[in-house]
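Just below is one structure, and these are the notes that go with it.
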Amino acid sequence: MLASTATIVQAADVPATAADASSAVPGDEAANGEAAIVVTGRVTRSVATLEGPEIQKILPGISPLKAIQTLPGVTFLTADPWGNNEQNISLFIHGFNQQQLGYTLDGVPLGDQQYGNYNGLSPQRAVISENVGRVTLATGAGNLGTPSTSNLGGTIDTFSSDPAADFGIRAATTIGSHNAFRAYGRIDSGDIGGNTRLYVSGVRQYAKAWDFNGKQKGWQANAKLVHTDDSGTFTGYFAFSDKQEPNEDATSIVVRPATGTTAAVDNRGVAPYIRPFLYPDFRGAVAYFQSPEYAAVNAAPGANYRNYYSAALRRDYLGYAKYDLNVADDVTWSNQGYYHHNSGVGIVAGPITAAGLPLLFSFYYPGAAGSSPTSATNLARLSTIFGGAGIATRTTEYRIERYGAISTLRAEIGDHDLEIGGWYEHQRSSAYRRWYGLDVNNPSDPYSRPEDYATPLITQYGSQIRVKEYQYHLQDAWHITPQLTVQAGFKGTIQDARQAVPVQPIPGSFTGSRELPVGRIKTERWFLPQVGGIWDVTGSEQLFFNAQKNIRQFQTSAAAGLSPFALGSQTLFEFFKDNTKPETSWTYEAGLRTRHQVDLGPLTAIEGQISYYHVDFSNRLLAISPNTTITAIASGATILQNVGSVKTDGIDAAATLRFGPTFSLYNALSYNRSVYQDDYVTGTALTVVPTSGKKVPGSPEWLNKTVATLNVAPVELQLIGDYLGKRYATFTNDLSVGGYYTMSARIAADIPLSTGLFVRKMTVALNVTNLTNKRAESTLSIGAASGTYNFFPLADRQVFGTVSVAF
């Protein structure tokens, strides 16, 4: 997963803005031929960078987020080997989940990675994996100027590679398990005059899901232009992505007391490991939904029945233009404008008899007087209305249009490096929940958008939201001596959001909801301070510390669980505005970076970093589900409230032992203890939920990552191990999932070629994921205080072969 020598390199002389560079080119080696993780120096935070060429060694086409899973403190899980499927991604860093982190591409904000994103897109859609120059992770607190409304727990900044200096063509083909196929191509122009370079690139990916007959497929295209002259540098970037992802159905685990007793009965022994959808076996699906087997499963706690199909379709256009102006020798002014358009739809096709649906449909199609929504007569009537198959198709249809600007002025004045900047974004988003029929004579498929070929039978709700984001920052890095730097600054943030609801749900049809709220919510935090320092103790050791306050603005989507716009009435919305506060955090971190060349027999170098962090997380928001389990297809409006604070303490330690240029051993050990500080009260009966002293679910206490690399040119071998510790699965910690260890491996060879051939370089590689074919619970969906949770399965062992060439 790391570089050919799996080493940590301390970039002690790199300025604080070095992470903004993006010069790596796919297929090239890192600058020193051995850098796997660059532990960035001259910054007051714990920051590590993974280079683009090393990312592709993990698995060609891998998501930038999955690529960082070997870094200390990072837990990344998903049900596909690339980490592309957004529905079942789980990312924790130092106890914070993926929606509490900040994300950018070349400085452009990517939103909070909410599934069904309302304010951005995933990094894997924003840039083709092979075009990633580097990914930089700040595990505690990101730069003050990071354009994000959600970076409570750090930032993940992805950078696209720049066009190459010389003309070239690169191509790669990957084939593998479950009919996987990926074809990548890129043309670099080299200098076309006036110090102007560009590239165009495209990719096609196709793969069958490992545990059911779903197909992950899509097209992507990137283009980038860079022009440099004495005045500065202009950069233009464009990305197109059209992805179709089959959605995995999670298994619901439910523990209930046995009848007549108080002892819990754990049904995990009989819960399915996988829940494959039934598509394309339409006749089998119709028969299944009419069978006693389905009836029994649907009636059981958790309702682990199989749907006909489920998928996520996403189409994105993203572009930016940036100019870095050299105002004077020591003054630069960077200005960047961007635009993003998204259209997406989440689809589920399943039985009309699923728990809660007959009641829902009865609001839109009232039955005969006195009849029950679940009566045979009414269900037969509904089946006819929905196309005669007894199957309905539910969609959530998303639209995003956003544009923004980022401006940063930097100046070196004596011993001071000053920076002032601002960010503005205007965002328009919509979410519509609709139900379509499924024609028994012409059944639909999961890869077509229902709105393109059918008229909805029910529009359950329609929300349109407008948001304006404003952010500013000011900081100074004072170089007291050449060895000692103190940095201080602050940022402010304002979010102004409004919702209109063209289609209101029928009162009572949406569980826990009378109406979706209409109106405005504005939050302001004018002063969020930061202070830190760096001391170069020796030429090989560096101490750093940092303290920073951050805020997570409210989510702004009627389809988001932590959004005030998803509350079930205008009254609740007004109460929320008056009484609820955004989540905030104070993050403190301190650490030591070191790098030594040694002469201890075969051991020639030791590199590493150790850091301690403490977080005071306040005003935690909790969405309390209106359903007894979190799988209900009928869905509903959650109750959203502040439920207290969390305290986190942890240590990250990573080191590489290098035995000359031939062998290296990398290990990263992490300990994290995130504990709720308060109980909370729920329900009209004001029931106390005892969460005080309980650990944050989903986030393991212990992580260990190991990479052993053997390089005997032209062959390279890597063996990667990843230990994931025990995780709690409920807020009260009454259910948990045991730890497990997975391994992956890679063998690659550079093929010697005659200098007279047109092909300059050829590499053949074999990657194996989940080497031991481990079965385990991967991503956990946690939404209950006790008694229930959902899990997604760990993808099976898969093998991929890649041939890449450079012309």
Side-chain angles (χ1 to χ4, degrees), residues 111 114-120 312-316 340-348 357 359-366 385-386 392-403 425-437 449-469 495-522 554-577 623 626 633-638 640:
Q114 164 82 24
Y115 176 64
N117 207 326
Y118 60 94
N119 67 347
L313 312 180
R314 305 284 188 261
R315 185 178 297 125
D316 294 276
H340 171 221
H341 174 81
N342 165 268
S343 63
V345 57
I347 312 171
V348 181
L357 290 189
L359 176 61
L360 166 64
F361 296 147
S362 72
F363 284 89
Y364 295 89
Y365 299 100
I385 291 171
F386 280 94
T393 301
R394 191 198 79 176
T395 67
T396 309
E397 298 167 18
Y398 309 96
R399 296 291 184 275
I400 306 171
E401 187 172 30
R402 61 191 182 106
Y403 55 86
E425 179 174 286
H426 183 273
Q427 172 204 132
R428 296 188 296 175
S429 66
S430 65
Y432 282 76
R433 170 65 53 80
R434 293 185 168 119
W435 295 84
Y436 296 82
R449 296 172 180 242
E451 71 265 32
D452 291 341
Y453 63 81
T455 301
L457 298 176
I458 297 171
T459 298
Q460 194 173 352
Y461 68 81
S463 161
Q464 295 181 350
I465 295 176
R466 304 292 182 265
V467 183
K468 293 181 180 179
E469 307 284 2
Q495 178 174 276
D496 190 356
R498 299 173 183 266
Q499 175 168 251
V501 185
V503 181
Q504 286 281 8
I506 295 176
S509 65
F510 202 48
T511 307
S513 176
R514 185 172 68 236
E515 65 208 354
L516 288 177
V518 175
R520 176 189 184 192
I521 186 167
K522 185 177 182 180
F554 296 130
Q555 294 183 321
T556 54
S557 170
L562 292 179
S563 169
F565 292 128
L567 291 169
S569 73
Q570 192 70 33
T571 302
L572 286 174
F573 179 72
E574 299 301 332
F575 181 85
F576 180 95
K577 288 201 300 181
I633 189 69
S635 192
T638 58
L640 186 61

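As the structure is a computational prediction, the values presented were derived from the model and not from experiment.
- With rounding to the nearest 0.5 angstrom, the CG atom of Leu357 is 10.5 Å from the OG atom of Ser362.
- From Thr459, atom OG1 reaches atom OH of Tyr436 across 7.0 Å, with rounding to the nearest 0.5 Å.
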Checklist entry - Yes or no on side-chain contact (heavy atoms from CB on, under 4.5 Å) for Arg514 and Thr571, after CA distance, side-chain angles and deciding distance? => result CA-CA 10 Å; Arg514 185 172 68 236; Thr571 302; 3.5 Å; yes
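- Annotation: the span from Arg498 atom CZ to Phe565 atom CZ amounts to 9.5 Å, rounded to 0.5 Å.
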Checklist entry - Would Tyr364 and Trp435 count as a ring pair (Phe, Tyr, Trp, His ring centres under 6.0 Å) if you check the C-alpha gap in whole Å, the side-chain angles of each, and the deciding distance to 0.1 Å? => result CA-CA 11 Å; Tyr364 295 89; Trp435 295 84; 9.2 Å; no
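- For Phe554, the ring-ring contact (aromatic ring centres under 6.0 Å, His included) partners at least two apart in sequence or on another chain are Phe576.
- Environment of NZ in Lys577: crowded, with over 12 heavy atoms of neighbouring residues, nucleotides or ligands closer than 6.0 Å.
- Side-chain contact between Phe363 and Ile458 is absent, with no heavy atoms from C-beta onward closer than 4.5 Å.
- With values rounded to the nearest 0.5 angstrom, Ile347 atom CD1 is found 13.0 Å from Arg434 atom CZ.
- Proximity of a side-chain donor or acceptor of Gln499 to a complementary backbone N or O of Pro517 within less than 3.5 Å is detected.
- Arg433 and Thr396 are linked by a side-chain donor-acceptor pair at a separation below 3.5 angstrom, with hydrogens and angles left out of the test.
- Between Tyr403 and His426, the two ring planes are parallel [angle under 30°; tilted spans 30° to 60°].
- Pairing each heavy atom of Leu567 with each of Leu572, the nearest pair is CD1-O, 3.8 Å.
- Nearest approach of Leu516 to Ala558, heavy atoms of both residues: CD1-CB, 4.2 Å.
- Here the side chains of Glu469 and Asn119 are not in contact, with every heavy-atom distance at 4.5 Å or above.
- No donor-acceptor pair under 3.5 Å is formed between the side chain of Thr395 and the backbone N or O of Glu397.
- Using a 4.5 Å heavy-atom threshold, the side chains of Gln460 and Leu360 count as touching.
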Anything under 3.5 Å between a donor and an acceptor, one on a side chain of residues 450-457, the other on a protein residue two or more places apart or in another chain? List them.
none

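- Considering CZ of Arg466 and OG1 of Thr556, their distance stands at 11.5 Å, rounded to 0.5 Å.
- Between the side chain of Gln427 and the backbone N or O of Ile400 there is no donor-acceptor pair closer than 3.5 Å.
- For Thr393, the side-chain hydrogen bond (donor to acceptor under 3.5 Å, both in side chains) test picks out no residue, with sequence neighbours left out.
- Side chains of Gln464 and Tyr432: a donor-acceptor N/O pair is present below 3.5 angstrom, by distance only.
- Proximity of a side-chain donor or acceptor of Ser563 to a complementary backbone N or O of Gln555 within less than 3.5 Å is detected.
- In this structure, CD on Gln504 lies 10.0 Å from OG on Ser509, to the nearest 0.5 angstrom.
- Nearest heavy-atom pair, Tyr461 versus Ala559, reported as atom, atom and distance to 0.1 Å: OH-CB, 3.9 Å.
- The two residues Asp316 and His340 make their nearest non-hydrogen contact at OD1-NE2, 2.8 Å.
- In terms of heavy atoms, Arg520 sits closest to Asp496 at NE-OD1, 2.9 Å.
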